[in-house]
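Mind looking over this structure? Questions follow.
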There are 2 protein chains.
Amino acid sequence: MPVTLSDVANRAKVSPATVSRVLNGNYPVAAATRERVLRAVDELDYVLNGPASALAAATSDLVGILVNDIADPFFGIMASAAQSEMGGGEAAGPGRAGGEKLAVVCNTGGSPTRELTYLTLLQRQRAAAVLLTGDAVEDPAHSAAVAAKLARLAEAGTRVVLCGRPPLAAHPDAVVAALPFDNRGGARALTEHLLELGHRRIGHVAGPAERTTTRHRLEGLRAALAAAGAGDDRTHRRLTVHGPYDRRSGYDGARELLRRDPELTAIVAANDTVALGVCAALREAGLRVPEDVSVAGFDDLPFSADAVPALTTVRLPLHEAGARAGRLALGTEEPPAGRVAAVSARLVVRASTGAPPAR
Amino acid sequence: MPVTLSDVANRAKVSPATVSRVLNGNYPVAAATRERVLRAVDELDYVLNGPASALAAATSDLVGILVNDIADPFFGIMASAAQSEMGGGEAAGPGRAGGEKLAVVCNTGGSPTRELTYLTLLQRQRAAAVLLTGDAVEDPAHSAAVAAKLARLAEAGTRVVLCGRPPLAAHPDAVVAALPFDNRGGARALTEHLLELGHRRIGHVAGPAERTTTRHRLEGLRAALAAAGAGDDRTHRRLTVHGPYDRRSGYDGARELLRRDPELTAIVAANDTVALGVCAALREAGLRVPEDVSVAGFDDLPFSADAVPALTTVRLPLHEAGARAGRLALGTEEPPAGRVAAVSARLVVRASTGAPPAR
DNA sequence: AGCGCCGTAGAAAGCGCTTTCTGCCGACGC
DNA sequence: GCGTCGGCAGAAAGCGCTTTCTACGGCGCT
């Protein structure tokens, strides 16, 4: 019932081989013949059978993008940037010419199991490339499993790229490139800003425990604190709470921190969304931002500039990183030397931070 | 090099057919044999070749979810709800048992061309189902092209479902089900709320022109206005500006509306994100919300409750709708009678609307 | 004039799986 | 005790494409 390659061949009075060559454009075909074939394709409204050609050619045009939370713009921005690098832009011809890829995003929900599941599914589809974004869970067993999976994928010819995620410990060369974010540096700069302003009692609503991103941001923060001789480790731990990357976590976290230390003058949030929750809790407690308590976010998502007050945060060039990762996955861009290129984080000072209240 | 079905068969001392049957679980296999096969699969770390099985079986386990903007939570929420209905939850076995699907989201960026491109790509992959979310562009040529494409997909066995999008005019039965949002009703209720509060000069920062959602929301608004005898058509048009669904559009739109009519007492935004931009512009102009000007959004995205002031808006059950659409796509849920089930919209009154200032 | 070569098209062998059709074997019925 | 049936496994024919290898003209060259 569906139109096949040979139907087209018959109509164009050529062999199936020729049609295939026209569609793939990787073999000389006389202009007149090509013309005829294209016309037949058009007339029959033919669409290549993806599975069949993937099987025969042993590669497919599927590219998988794994994200932790598809409803979070942090990932949305990276994914859409990556996706926009991968064709799909112009009209798809009937064939696979032009190297258009089907870039698809897979939502792991932050669950290691689902991450592995998707990787298997992608492996099953013989994906051309896989792009992992965001956080990695710091469970040795899981990291090993992921690394092993990626190694197998790489073996089968899939290009693996890591974006906003540290390089693999286990099989570093299974990966084409890794673009980790400089979370440590960003957190450090942010904390220094707060210290300069005069803050000494700084609370932290951190991200989920056991995640590299969370750990790195914490390390940056503590490094700055330590360098300034502000507080000891026990204090830091007391002034840190963990939670997911949502508004609720910020709200609850801020209340908890306030309970633990009502004298707090600043709160650093795991990201901008969490920061909004923190602001809400503060406001509810009758505290003004930044006059009574300063608040800082992380990521610099678009809404942060519009918040009231506008959020001081650390800008991560999500779009650029995503786009670059996309090109790397496609092989359009040369991998960086050493396969790793850190993505820098820049402090953005806005209205939500200020000097601590005079006592 | 890669492990194939027959490798597994050899190791398990059975025929390839048997291995296939174990993996697909749709044919009786003696427990002992099954056991043996499963062990072999495990030992060889075998992963089914998706393209090959898709080719042989003439179906694949790919499900496409088309969204306009992956970085917008509006779509993120629907997509993630739909995706979570489609397996990927538990560990993926080596086979396709359990009907796990690879649910992938495709970002059209609101471009009709890319929409068609993705549809072709999905058709090429012989997708099991396709889920179109959000707005449809109101260009007859494009609608016809999409409808035709969907009809061909349906013909090939792909289940097509529409979520937050009106049923097809051209080939209504190409679609398994359509779950359009009640944008008219929502807009109407919202406008009535404003009218009851006493507002008469209501500005509108609408969504992109030539989109069904935009049109429906406008129609609801004008219906309410007309019913209350508030303003004529020319006035409405003068107090309406169009723009994309982003913060910027709200900001620019509000400034423009203020210029056109400084006596405005309320502004209805295309959605919550736009509403935030409106608030920013108002604030900048020295106007308080809602004391001087009331502002209302649409969709009730999570951040709306946290905005300052908390946004009055229209709640769309995005999660529920997405989940239902997912089940419909999978065939887990019976399609509604007539294949169409409107999704209701509910007014949520919060702090951003109030009585107009006494003159 | 003959040779070889370039440019182009066709034949055909798979790619790795699913599935019908066939066949074996033990159990059960009469 | 033999025929028959049912439960399970194997053989083999594709699924629709890609790609090597082969074939065929016509051209330029010697």
Side-chain angles (χ1 to χ4, degrees), chain A residues 1-38 40-41 44 46-62 93-97 123-126 128 156-157, chain B residues 1-38 40-41 44 46-62 93-97 123-126 128 156-157:
Chain A
M1 181 91 288
V3 183
T4 73
L5 229 211
S6 358
D7 295 339
V8 176
N10 287 338
R11 191 172 233 283
K13 303 251 174 285
V14 296
S15 71
T18 302
V19 178
S20 170
R21 297 199 264 246
V22 169
L23 263 21
N24 291 300
N26 47 14
Y27 190 89
V29 173
T33 315
R34 177 207 272 52
E35 194 57 28
R36 207 143 32 90
V37 169
L38 256 16
V41 164
L44 295 177
Y46 172 66
V47 173
L48 195 60
N49 182 318
S53 69
L55 172 58
T59 67
S60 86
D61 48 8
L62 237 201
R96 323 186 291 168
Q123 179 184 7
R124 188 183 293 175
Q125 300 300 328
R126 303 303 188 252
Chain B
M1 181 92 287
V3 183
T4 73
L5 231 210
S6 354
D7 296 339
V8 176
N10 288 338
R11 190 174 235 286
K13 301 253 175 283
V14 296
S15 70
T18 302
V19 177
S20 169
R21 296 199 266 246
V22 169
L23 262 22
N24 292 299
N26 48 15
Y27 190 89
V29 173
T33 314
R34 176 207 274 50
E35 194 56 29
R36 205 143 33 89
V37 169
L38 255 15
V41 164
L44 296 177
Y46 171 67
V47 173
L48 195 60
N49 181 318
S53 71
L55 172 59
T59 68
S60 85
D61 48 9
L62 237 200
R96 324 187 289 167
Q123 179 182 7
R124 190 183 291 175
Q125 300 300 329
R126 303 303 189 252

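Residue numbers begin at 1 in each chain, while the letters A, B, ... track the order of the sequences.
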Would you list the atom pairs, donor with acceptor, under 3.5 Å between side chains in residues 25-38 of chain B and any protein atom, with sequence neighbours excluded?
from: B:Arg34; atom 1: NH1; to: B:Val29; atom 2: O; distance (Å): 3.1
from: B:Arg36; atom 1: NH1; to: B:Ala12; atom 2: O; distance (Å): 2.6

Open item on the list: Counting only side-chain nitrogens and oxygens, does A:Thr33 get under 4.0 Å of the OP1 or OP2 atom of C:dA9?
Closed with: yes
TODO: Using five base pairs at each end, measure the axis-to-axis angle across the helix from C:dA1-D:dT30 to C:dC30-D:dG1 and round it to 10 degrees.
DONE: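 Between the axes fitted at each end of the helix from C:dA1-D:dT30 to C:dC30-D:dG1 lies an angle of 40°.
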Open item on the list: What's the separation between atom CG in A:Leu48 and atom CD in B:Gln125, rounded to the nearest 0.5 Å?
Closed with: 9.0 Å
TODO: Between D:dC17, C:dG10, C:dT18, spot the one nearest the side chain of B:Ala56, thanks.
DONE: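 The answer is C:dT18.
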Task: Contacts of type side-chain hydrogen bond (donor to acceptor under 3.5 Å, both in side chains), residue B:Arg11, not counting sequence neighbours - done: B:Glu43
Task: Minimum-distance nucleotide (side-chain atoms of B:Thr4 versus C:dG16, D:dT18, C:dG10) - done: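 Out of C:dG16, D:dT18, C:dG10, the nucleotide with an atom closest to B:Thr4's side chain is C:dG16.
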Task: B:Val29, nearest nucleotide to its side chain (from C:dC17, D:dA9, D:dG16) - done: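 Nearest nucleotide to the side chain: D:dA9.
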Open item on the list: Rounded to whole Å, please give me the gap between CG in B:Asn10 and C1' in D:dA9.
Closed with: 15 Å
Open item on the list: Under 4.0 Å from OP1 or OP2 of C:dC15: is there any side-chain N or O of B:Asn49 that close?
Closed with: no
TODO: Using a heavy-atom cut-off of under 4.0 Å over every strand shown, decide if A:Ser20 touches base, sugar-phosphate, or nothing.
DONE: base
Task: Protein-nucleotide distance (B:Asn26, atom CG; D:dG7, atom P), rounded to Å - done: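 Spelled out: CG on B:Asn26 to P on D:dG7 is 17 Å.
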Open item on the list: Nearest whole Å is fine: how far is C:dC15 C1' from B:Leu48 CG?
Closed with: 14 Å
TODO: May I have the distance from A:Asn24 (atom CG) to D:dT18 (atom P), rounded to whole angstrom?
DONE: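 Distance, rounded to whole Å: 5 Å.
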Open item on the list: Whole angstroms only, please: what is the CZ-P distance between A:Arg34 and C:dT8?
Closed with: 10 Å
Open item on the list: On DNA chain D, does the nearest nucleotide to A:Pro51 precede the nearest nucleotide to B:Lys13 from the 5' side, or the other way round? Give the residue.
Closed with: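 Per heavy-atom nearest nucleotide, the more 5' residue is B:Lys13.
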- [ ] Could you check how far CG of A:Asp7 sits from C1' of D:dG16, rounded to whole Å?
- [x] 10 Å
Polar atom pairs (N or O), protein with nucleotides 20-27 of chain C, under 3.5 Å:
from: C:dT20; atom 1: O4; to: B:Arg21; atom 2: NH1; distance (Å): 3.2

TODO: Tell me whether the OP1 or OP2 atom of D:dG10 has a side-chain N or O from B:Ser15 closer than 4.0 Å.
DONE: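 Yes.
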- [ ] Using atom CD of B:Glu35 as one end and atom P of D:dC8 as the other, report the distance to the nearest whole Å.
- [x] 15 Å
- [ ] Starting at CG of A:Leu55, measure out to CG of A:Asn49 and round the result to the nearest 0.5 Å.
- [x] 9.5 Å
- [ ] Measure from CG on A:Leu5 to P on D:dC17 and round the result to the nearest Å.
- [x]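 Between P of D:dC17 and CG of A:Leu5: 4 Å.
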- [ ] Tell me which of B:Ala31 and B:Leu55 sits closer to the 5' end of DNA chain D, going by the nucleotide each one is nearest to.
- [x] B:Ala31
Task: Those residues that, when tested against A:Asp7, pass side chain to side chain contact (heavy atoms under 4.5 Å, CB included) (two or more places apart) - done: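 Listed in chain order: A:Val3, A:Thr4, A:Leu44.
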Task: Side chain of A:Tyr46 (C-beta onward), nearest among C:dA9, D:dG16, C:dC17 - done: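 So the side chain of A:Tyr46 is nearest to D:dG16.
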Open item on the list: Whether A:Thr18 contacts C:dG10 is assessed here as follows: a side-chain N or O lying under 4.0 Å from the phosphate OP1 or OP2. Is that the case?
Closed with: yes
- [ ] Please name all residues satisfying side chain to side chain contact (heavy atoms under 4.5 Å, CB included) with B:Ala56, sequence neighbours left out, ordered by chain then number.
- [x] none
